[in-house]
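The block underneath contains the structure these notes are about, expressed in structure tokens.
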Amino acid sequence: MIPDVDNDSIVYLNGQYKKLAEATISVLDRGFIFGDGIYEVVPAYQGKPFRMKEHLARLERSLAALEIRCPLKAADWQSLVANLLQQHGPGDAMVYLQVTRGVARRDHAFPVHALEPTVFGMVSPFTPPGVAQRTQGLSVITIPDERWLHCEIKSVSLLGNVLAKQQAVRAGVDEVIQFRNGFMSEGASSNIWAVRNGELLAPPRDNLILEGIRYGFMQELAQAAGIPFSARPISREEVDSADELMLTSATKEVLPITRCNGKPVAGGQPGPVYAALRAGYDAALRSL
Ligand code: PDD
């Protein structure tokens, strides 16, 4: 039995639906041995996945980057997710999908013979951010980005992100903002946004960040709200003196960052650009 989870919840593993506590993989799975796999986290509201098409497209991009064969067609992913959500019942949920290269003798390079990728899916309950987080905002610390140079792949090799998030926990804050060579990259499990002079800024979509599904969505929301947007390197000084900071992720949606390294961000209150984007996000969820 695994503590802190619903051991009877139904998960998908390699073509079968079974109880979480009964779903097991080989110790030689390359996901276990090397972190050789990828994943997705799709939020679902009242049984409806949000931005599913975009999540599946990113899953395929991650697999292609690692030269892992995509084991299911888009329609099969969709029915897998629909089945898991149906098992979960009403209520907001988070769908987790993972694909690893499969099981083979331990050897670093890709096995020469064709492998059957390991496919795993589960759904857990998810509580969208409430009033307190939306109005008070989140606190962060800044840390050096010590991760590898392929952050654009949504890989399960997440040790750099795990260690970064643990620094946030030790500091008693919600998230970190990582910097590489003096420029902002992202959080441990979120994208970070700055606002300066009314303009929404994000780091470029390159190998130094994971392009969140909310990255493109925020661009759409900004455009609809008439907020100028620019993707460009953002310096440490620009973050320190930003008018607003915010973060996005599947589970945090969009939330304001109101404290950074123990000091208030601008006035320490969520700003007007956040309010406009949050309103757009809520409207999209309402029309889901
Ligand atoms: N993480 N950057 C990193 C490093 C992330 O881990 C995530 C999301 C994001 C935001 O991506 P999206 O908007 O697609 O959620 C950016 C998920 C939620 C996780 O690992 O649980």
Side-chain angles (χ1 to χ4, degrees), residues 1-52 55-107 110-111 113-127 153-159 161-162 165-166 188-189 210 213 249-251:
M1 296 294 266
I2 310 162
D4 301 335
V5 295
D6 175 3
N7 283 275
D8 289 332
S9 66
I10 299 299
V11 303
Y12 173 95
L13 183 63
N14 296 331
Q16 293 184 320
Y17 292 90
K18 37 176 93 177
K19 286 188 180 167
L20 176 64
E22 288 159 15
T24 54
I25 58 159
S26 165
V27 290
L28 287 183
D29 193 283
R30 287 179 61 99
F32 177 60
I33 296 280
F34 293 120
D36 187 358
I38 63 94
Y39 76 107
E40 273 300 321
V41 176
V42 188
Y45 298 85
Q46 304 297 312
K48 295 194 190 115
F50 185 58
R51 310 284 285 191
M52 181 73 185
H55 278 282
L56 286 183
R58 185 173 64 185
L59 181 143
E60 286 183 8
R61 283 202 305 278
S62 300
L63 288 172
L66 299 185
E67 296 175 44
I68 297 176
R69 180 172 65 78
C70 189
L72 297 179
K73 297 200 174 62
D76 299 326
W77 284 117
Q78 270 158 2
S79 54
L80 189 168
V81 168
N83 290 343
L84 288 175
L85 285 171
Q86 203 181 4
Q87 290 284 344
H88 181 265
D92 301 332
M94 194 180 94
V95 183
Y96 178 87
L97 302 173
Q98 176 171 338
V99 182
T100 76
R101 194 178 306 279
V103 180
R105 181 171 66 85
R106 184 181 179 279
D107 196 357
F110 301 168
H113 60 279
L115 290 191
E116 203 52 55
T118 300
V119 185
F120 173 58
M122 68 177 168
V123 175
S124 10
F126 149 62
T127 310
I153 304 171
K154 200 160 173 68
S155 156
V156 293
S157 300
L158 282 176
L159 197 46
N161 305 58
V162 166
K165 191 64 115 196
Q166 194 57 29
S189 59
L210 178 78
I213 297 308
S249 82
T251 49

Hey, can you pull the donor-acceptor pairs under 3.5 Å for the side chains in residues 87-94, sequence neighbours left out?
| residue | atom | partner | partner atom | Å |
| --- | --- | --- | --- | --- |
| D92 | OD1 | Q46 | N | 3.1 |
| D92 | OD1 | Q46 | NE2 | 3.3 |

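Between V11 and M122 the shortest heavy-atom distance is CG1-CB, 3.7 Å. Between G121 and L97, the closest heavy-atom pair is CA-CD2, 4.1 Å. Nearest heavy-atom pair, T100 versus G31, reported as atom, atom and distance to 0.1 Å: CG2-CA, 3.7 Å. Here the shortest heavy-atom pairing between L13 and T24 reads CD2-O, 3.2 Å. In terms of heavy-atom proximity, C70 sits nearest to L59 at SG-CD2, 4.5 Å. Between F126 and A250, the shortest heavy-atom contact is CZ-O, 4.1 Å.
Listed by first and then second residue, the salt bridge (Lys or Arg N to Asp or Glu O under 4.0 Å) pairs involving residues 56-67 are E40-R58 (not counting sequence neighbours). Applying the salt bridge (Lys or Arg N to Asp or Glu O under 4.0 Å) test to pairs two or more places apart or on separate chains, those with a residue in residues 22-38 are R30-D36, D36-R101.
At a threshold of 4.5 Å between non-hydrogen side-chain atoms, the residues L56 and Q78 count as touching. Looking at L20 and D6, their side chains never come closer than 4.5 Å, going by heavy atoms from C-beta outward. By the 4.5 Å heavy-atom criterion applied to side chains, I213 and V42 are not counted as neighbours. Proximity of I10 to K18: side-chain heavy atoms (C-beta onward) are nowhere separated by under 4.5 Å. Residues T118 and S26 fail the side-chain proximity criterion, which asks for heavy atoms closer than 4.5 Å. Side-chain contact between F110 and I68: absent, with no pair of heavy atoms (C-beta onward) separated by less than 4.5 Å. For the pair K73/S79, no side-chain contact is recorded, criterion being any heavy-atom separation below 4.5 Å from C-beta on. Annotation: side chain of V5 is not in contact with side chain of S124 (no heavy-atom distance under 4.5 Å).
F34 pairs by the ring-ring contact (aromatic ring centres under 6.0 Å, His included) definition with H108, not counting sequence neighbours. By the ring-ring contact (aromatic ring centres under 6.0 Å, His included) test, F32 is found to be paired with no residue, residues two or more places apart in sequence or in another chain being considered. For Y96, the ring-ring contact (aromatic ring centres under 6.0 Å, His included) test picks out Y39, with sequence neighbours left out.
Proximity of a side-chain donor or acceptor of N161 to a complementary backbone N or O of S189 within less than 3.5 Å is not detected. Side chain of S157 to main chain of G35: a donor-acceptor pair is present (N/O by atom type, distance under 3.5 Å, no hydrogens or angles).
Between W77 atom CH2 and H55 atom NE2 the span is 13.5 Å, to the nearest 0.5 Å. Atom CD1 of I153 is separated from atom CG of L66 by 4.5 Å, given to the nearest 0.5 angstrom. Between the NZ atom of K48 and the CG atom of L85 there is a distance of 11.5 Å, given to the nearest 0.5 Å. In this structure, D8 CG and K19 NZ are separated by 4.5 Å, a value rounded to the nearest 0.5 Å.
In summary, the side chains of N83 and Y12 do not present any donor paired with an acceptor at a separation below 3.5 Å, with no hydrogens or angles considered.
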